[in-house]
Amino acid sequence: MKSFIVQAVKRILVGPPLYYAWMTLLLIFVAIGIGSYIQQLKVGLIATGMTSYVSWGFYLGNFTFLVGVAAAAVLLIIPAYLYDFGPIKDIVIVGEILAVSALLMCMMFVTADLGRPDRIWHLIPGIGILNLPSSLLSWDIVVLNGYLFLNLLIPGYIIYKAYNEKPVNYNFLLPFILLSIPWAVSIHTVTAFIYNGLAARPFWNASILAPRFLASAFCSGPALIILLFQIVRHYTKFHVKDEALHKIAEMIAVAMAINLFLLGAEFFKELYSDTHHLSPLKYLYAGMDGKGRLVPWIWTAFTFNVIAFFIFLIPFTRKRFLTLNLGCVLIIIGIWIEKGMGLIIPGFIPAPLGEVWEYAPTTLEILVTLGIWSLGLLILTINLKIVLPIETGEFTKHTASNGALASGRA
Amino acid sequence: MKSKYLILLLTALGIMGYCFSLADKSALAQSQDAEALKEIQAPTSEKEFPVPLRPLPKTITPCRACHGPEKDFPVNFKRREDLLVHTNIRLNHGGIRLWCLDCHHPDNRNYLLPLSDGKVIEFEQSYLLCGKCHGTIYRDWRDGIHGKRTGSWNGVKNYYLCVTCHDPHNPKFKPMAPMPPPKKPWTPVEVQARH
Amino acid sequence: MRHKKSSESGSSPGNRPPTDLENSSIKKTNSELLDRRTFMAGAASVLGMFAVSSCSWQEFIQNNFQRMTKEEIEQTVERLRKEYKEKYGKDFVVGTEGPLEATLFGYALDIQRCIGCRKCVYACVEENNQSRDPQIQYIRVLRFKDGDMDLEHSTIYYDPEEVPEDGYYYMPVQCQHCANAPCTKVCPVRATWTERDGIVVVDYNWCIGCRYCMAACPYMGRWFNFAEPVIPAESINTVTHYLGNRPRMKNVVEKCTFCIQRVRVGKYPACVEVCPVGARKFGNLLDPDSEISKIIRNKRVFRLKSELNTQPKFYYFFAT
């Protein structure tokens, strides 16, 4: 164990110049983020753009997006373990590590959003009070932590075996794998229910919200994974087959089709019935009372999503990496807007007593957000730096004890 | 809003004739602590229900000092616009339907016109007179629905009489300057510019 | 409890008995306290564990009010009184009166009477020690055009020379103290709950500041202290209740409590007392002879957004 840690640390500290540059960049952003966060703690949440009208903002927008990314790991699990689809099975572990990083970022975003992080122990059952079963936020804490546990356990076990050069006992692992499938669905469903259950906010209080969450999660998460795999296979010896990436792209096409269909259904219901429940949608897509900060953003998201849908739908563009990657980027940006600010902010506009007051993140909020993203990417990089060599067999008990240092690049 | 004031306009200077049903028991029952009230608030009108007496301003009493058959100002039942004295009073209550002696006792200005039982109404119980016209409002007031009460929700209450808030000669509630509006919330800079 | 105590840092390791109330940090000046707080809060959350008080040690480990024993409540109250004395130089009463027997508070507001003068807003601010900057006001007075009750067409920022204005009417909105309150349901730590007498309260020392309750409230009845509340010492109200108007800290949620410090001892809420037109009515819903019961029985009442089944104990009515 000791030699594992020593070797792991060495692997983290050693890499090509590009690796150092990347890590330094991330560390700078992390430092700025922490500094900004301390400032936020000092003056209070007044340092953010949130007001009593729009009481949630950029932090929870990013949180929501990242829950989707984490949930999408299930997309890889289903074919990998259940249908034994070889090409994906080989690489599923990377998806799970991505999920872990995304989950940690989720938790950081929620913590950043909390007014009193010093009282976070109030959430621990026993010494604190976790308001189950009535609070969906409490449920979300349960499912996110459970999902984190599963996503540490499954790849952790596989890595442990690989490191010790022993075969993986799938009989032991299968119950957890099976459990992680509904669990992945649950994290995004419960996150959707956080918003969905609030009758005060008609924009969220539509039963289509949870399905839309899932559909969009199954777009953005896998898109991120496709990009990540290409980076990984470019910089390491870890092998990812094209077949696997194209399979994932196919899934994205289906998910995006469902996502757009559900969006259309929502549009029809609100526009045709034309009640006051239309107001947030109107604010989002057309602006209201001369205020329409989100309008350009949401139309960008819509355009990107539609373009990406066609890219992934047509085999010609799906199978060419140039267009495939373009599609991935478009989808990530599109969903990030749609499931981030585009979901959170209109929930508060107009306010329950009818007023329209807008929200925009402050510089501090953006810096803290960048810091959290950087910290998440840092965790992801470090994890990959250790896990990938183990997976490829470069870093095992033997190599470790030999003190050999594989030249794996991150 | 306007109709409210119209109704109020018809209020305080009452009319003769109708006796308001005094027998409404609920009036007494309405206060849980009627007894406690009696103890603490010494001067209350005995009959109706416990209401603090409203002392009259020293300046206008006793009316008999001037008014009365043997005094300088004999009773004149003619409605007049311009009074020699009481010039500070601009009667704006009930339009031309009402004037001084529709409420004030012509023969004894220290009192208001009597109820149908013949007993005169004291100034301290002016609400009885108001109730002659404004029966429904009077009932609401007695129940604590109309008008203001302070003190204790489950104990001694301070009642505000009709004339505390409504000048009987000009009963319309006076407009007032509002307190400042709340501060507007923080808004994104470019949005602020447009406001 | 006024005797002197040795000065011991509140951030010292937690092996001191939590019952020790004589915390030293009270002796520090405000700014020192603040600096220490911020530093501590920063360090604590970055470490993500064992947050060694953005506050005193006792405040940090303080339990949820509903779970405190009698002794703990007494000790907490003593500690709070000292903190407040330090901060405002005045002796505070921090009441912990419980709900009265056979009492369920209800409120009624006569829309026909209200003239929109906002006297209630400011009486409430004074009574309940709301932050003047950033500004917190529990009561929002909505102005509607005659013939319209569309919330989206209302405003709270009207500012004419005189009220009431022709062609408009007013509807003050504050916490509706719902029987089926969406806000208490969503709180992840049960920092907010409905008392037996129907008052929805917040334990400011238990609130983690997630603002979920604010998102859940259809009436905007909840307010968040986005910064350290500022109240001039000369205008602070020293007669307080633990669950009511005691001074709050930054980054926690607060709300109207029907003036719990007043109504639990039999007084009317401040907004009722100040209303110049007597539009505000308050009383016991369980008492058939109370003003509020008579209003509900005899007048046409409605409750705001009743379609949401929040079942407010706040009624609007038209007296005439």
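Below, all heavy atoms of this structure are taken into account, side chains as well, without hydrogens, waters or symmetry copies. Reminder, nothing fancy here: chain letters follow the sequence lines and each chain counts from 1.
- The contact between C:Q62 and chain A is made entirely by backbone atoms, counting heavy-atom distances below 4.5 Å.
- Defined by atom type and a distance below 3.5 Å, a donor-acceptor pair is missing between the side-chain atoms of A:H122 and C:N64.
- Judged purely by atom type and a 3.5 angstrom limit, A:W56 uses its side chain to pair as donor or acceptor with the backbone of C:C210.
- With sequence neighbours excluded, no residue forms a ring-ring contact (aromatic ring centres under 6.0 Å, His included) with A:Y283.
- With hydrogens and angles left out, the side-chain atoms of C:R190 and A:N131 include a donor and acceptor closer than 3.5 Å.
- A cation-pi contact, defined as under 6.0 Å to the ring centre and within 45° of the axis, links C:R140 to A:Y53.
- Neither the backbone nor the side chain of C:P182 comes within contact range of chain A; no heavy atoms are under 4.5 Å apart.
- Neither the backbone nor the side chain of C:N225 comes within contact range of chain A; no heavy atoms are under 4.5 Å apart.
- Minimum interatomic distance between C:Y212 and A:I194 (heavy atoms only, all atoms of both residues): OH-O, 2.6 Å.
- Both the backbone and the side chain of C:V186 come within contact range of chain A, each with at least one heavy atom under 4.5 Å from a heavy atom of that chain.
- Using a 4.5 Å cut-off between heavy atoms, C:F224 contacts chain A through its side chain alone, with no backbone atom that close.
- Across every non-hydrogen atom of A:G126 and C:R67, the tightest pair is O-NH1, 3.4 Å.
- Against chain C, the residues from residues 339-352 of chain A that qualify, each with a non-hydrogen atom under 4.5 angstrom away, are A:F348, A:P350, A:A351, A:P352 in number order.
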